[in-house]
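Chain letters run A, B, ... following the sequence lines, proteins first, then strands; residues in each count from 1.
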2 protein chains.
Amino acid sequence: MRIGELSERSGTPVPTIKYYLREGLLPRGERTGPNQASYGEGHLHRLRLVRALTDVGGLPIATTREILARVDSPDPPITHELLGHAMHVLPPATKGVATAEEEDHGRVRALFERRGWHVHPQSRAAADLAEVVATYRRAGRPLDDEALDGYAATMEQAARVDLDVIGRVTGTDEILESAVVYSVLGDTLMAVLRRLAQADESARRAGVVPGD
Amino acid sequence: MRIGELSERSGTPVPTIKYYLREGLLPRGERTGPNQASYGEGHLHRLRLVRALTDVGGLPIATTREILARVDSPDPPITHELLGHAMHVLPPATKGVATAEEEDHGRVRALFERRGWHVHPQSRAAADLAEVVATYRRAGRPLDDEALDGYAATMEQAARVDLDVIGRVTGTDEILESAVVYSVLGDTLMAVLRRLAQADESARRAGVVPGD
DNA sequence: CCGTAATGGATAGTGGAAGTATCCAAAAAG
DNA sequence: CTTTTTGGATACTTCCACTATCCATTACGG
């Protein structure tokens with residue numbers, strides 16, 4: 001197909017597709033003449049993936065390009081760590097603006113200890129967590145250990161659902177892509193479901209009989 | 001205090017504080033002369049709140065202003081629905097770019113039914129959820145009912161932790177602000193904890209003995 | 001007391017991100 | 001055989017979140 005059909009079928013304007021081609025988010029089509037190229041179903045799939053990650057996942061274009069490059073790279077992730085590897089592909093959850101104090105890092109290490117989490121305390125994710133903990137504190141709403149444990153336990157459950165869902169995907173080369181999709185869109189999904197669950201729980205506690 | 005100290009104590013550059021004053025995110029200080037004004041601890045608190053919501057919560061300036069305006073407004077939220085009300089103050093979780101089909105809305109209604117959620121299917125949050133469900137589908141990774149239920153159950157648990165934490169806050173006028181902080185920063189916290197829990201769960205399933 | 005620095009407030013400018021618009025000669029379509 | 005579309009390059013636009021500059025005052029340090 002040519003770019004017009006790609007645009008039609010994906011709902012993306014032609015100039016935007018050209019922009020993604022320039023930026024390397026979408027591979028060029030196969031050249032068939034001086035001003036002709038042909039795109040396949042793979043291009044359409046990739047384009048839909050880009051829109052999902054950027055529009056709903058909220059990823060910047062530059063981050064999306066890096067993630068896709070790693071998803072495409074044929075270097076062999078050891079099967080045994082394929083899923084753990086997929087996590088490395090993911091974008092950082094924070095912008096790294098606030099800086100955490102030793103106090104916050106200590107609380108993060110203690111949390112890992114309590115939950116038996118197998119995570120290197122120097123990892124990027126651990127630093128992100130300390131940053132978020134520090135932000136709660138500075139905003140005047142510190143998180144106590146009970147709350148932190150409660151949220152951690154909740155996310156353990158979410159992670160089990162994630163891995164179950166990803167585990168259902170067959171095809172080694174599809175696993176990495178699906179891990180990215182489920183993880184990135186998962187953040188947005190969690191946020192939306194959490195708002196709904198909050199509203200419901202709030203009504204429930206206010207004494208509104210469910211199903212009323 | 002004057003603007004220099006406010007800047008010092010909050011870690012925010014003076015020009016940025018002036019920008020927030022212009023944009024109405026921070027109330028003006030009390031005028032004490034033609035070019036002098038004095039700020040109090042309340043201003044410092046508000047400034048830290050703004051930085052928490054924008055830097056770590058990722059909210060745009062305009063959204064932050066609207067939220068703060070509602071937090072400030074003294075119109076009486078009925079105690080019985082104060083927490084549910086707080087949810088209305090919150091920003092939408094999606095940008096409303098993708099459009100869901102009837103199929104997606106149907107799945108959302110069915111989910112509400114299965115979980116006994118007390119939510120109006122025409123609400124903004126329900127539309128957001130349908131949009132996210134549609135995005136998974138278009139990205140070629142549809143969510144089945146089992147996964148959706150699993151995530152919903154997880155977020156019910158998160159919401160219970162949220163309401164427990166918010167419930168510990170005393171002082172009626174503080175509750176709305178804390179509900180906003182916990183909800184907004186909670187999204188980021190969930191995302192970070194989920195990455196960590198995913199990595200741990202992934203290692204666990206790969207046969208790495210925990211605590212090894 | 002006096003020179004330097006900081007202040008409140010207004011107005012203008014910057015830099016990055018994500019597209020849009022325009023142009024072109026060469027196909028393609030009706 | 002005229003009109004539209006195409007691939008590709010280059011230039012332009014819009015929005016956002018700040019920064020910089022300016023100015024007539026205070027405030028501060030020696």
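- Partners of B:Arg115 under the side-chain hydrogen bond (donor to acceptor under 3.5 Å, both in side chains) rule, at least two apart in sequence or in another chain, are B:Glu156.
- For B:Glu8, there are no side-chain hydrogen bond (donor to acceptor under 3.5 Å, both in side chains) partners two or more places apart in sequence or in a different chain.
- Counting only residues at least two apart or on different chains, the side-chain hydrogen bond (donor to acceptor under 3.5 Å, both in side chains) pairs with a member in residues 14-26 of chain A are A:Glu23-A:Arg65.
- For residues 27-40 of chain B, the set of pairs meeting the side-chain hydrogen bond (donor to acceptor under 3.5 Å, both in side chains) definition, not counting sequence neighbours, comprises B:Arg2-B:Gln36.
- Considering only residues two or more places apart in sequence or on other chains, B:Ser7 meets the side chain to side chain contact (heavy atoms under 4.5 Å, CB included) condition with B:Val14, B:Ile17.
- Bracketed by its first and final contacts, the part of DNA chain D lying under 4.0 Å from non-hydrogen atoms of chain B reaches from D:dA17 to D:dA27 in 5' to 3' order.
- With hydrogens and angles disregarded, a donor-acceptor distance shorter than 3.5 Å links the side chain of B:Ser178 to the backbone of B:Ile175.
- Take B:Arg46 and apply the side chain to side chain contact (heavy atoms under 4.5 Å, CB included) test, not counting sequence neighbours, and it matches B:Leu26, B:Pro27, B:Leu49, B:Val50, B:Leu68, B:Asp72.
- When the side chain to side chain contact (heavy atoms under 4.5 Å, CB included) test is applied to A:Ala130, the partners found at least two apart in sequence or on another chain are A:Ala100, A:Asp104, A:His105, A:Val108.
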What string of B, S and - do you get for nucleotides 14-30 of chain C, 5' to 3', if B is base contact, S is sugar-phosphate-only contact and - is no contact with any protein heavy atom under 4.0 Å? ----BBB----BBSS--

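- For the side-chain hydrogen bond (donor to acceptor under 3.5 Å, both in side chains) test, residues two or more places apart in sequence or in another chain that qualify with B:Glu177 are A:Arg141, B:His45.
- Partners of A:Tyr151 by side-chain hydrogen bond (donor to acceptor under 3.5 Å, both in side chains), not counting sequence neighbours, listed by chain and number: B:Asp162.
- Comparing the local axis fitted to the first five base pairs of the helix from C:dC1-D:dG30 to C:dG30-D:dC1 with the one fitted to its last five gives a bend of 10°, rounded to 10°.
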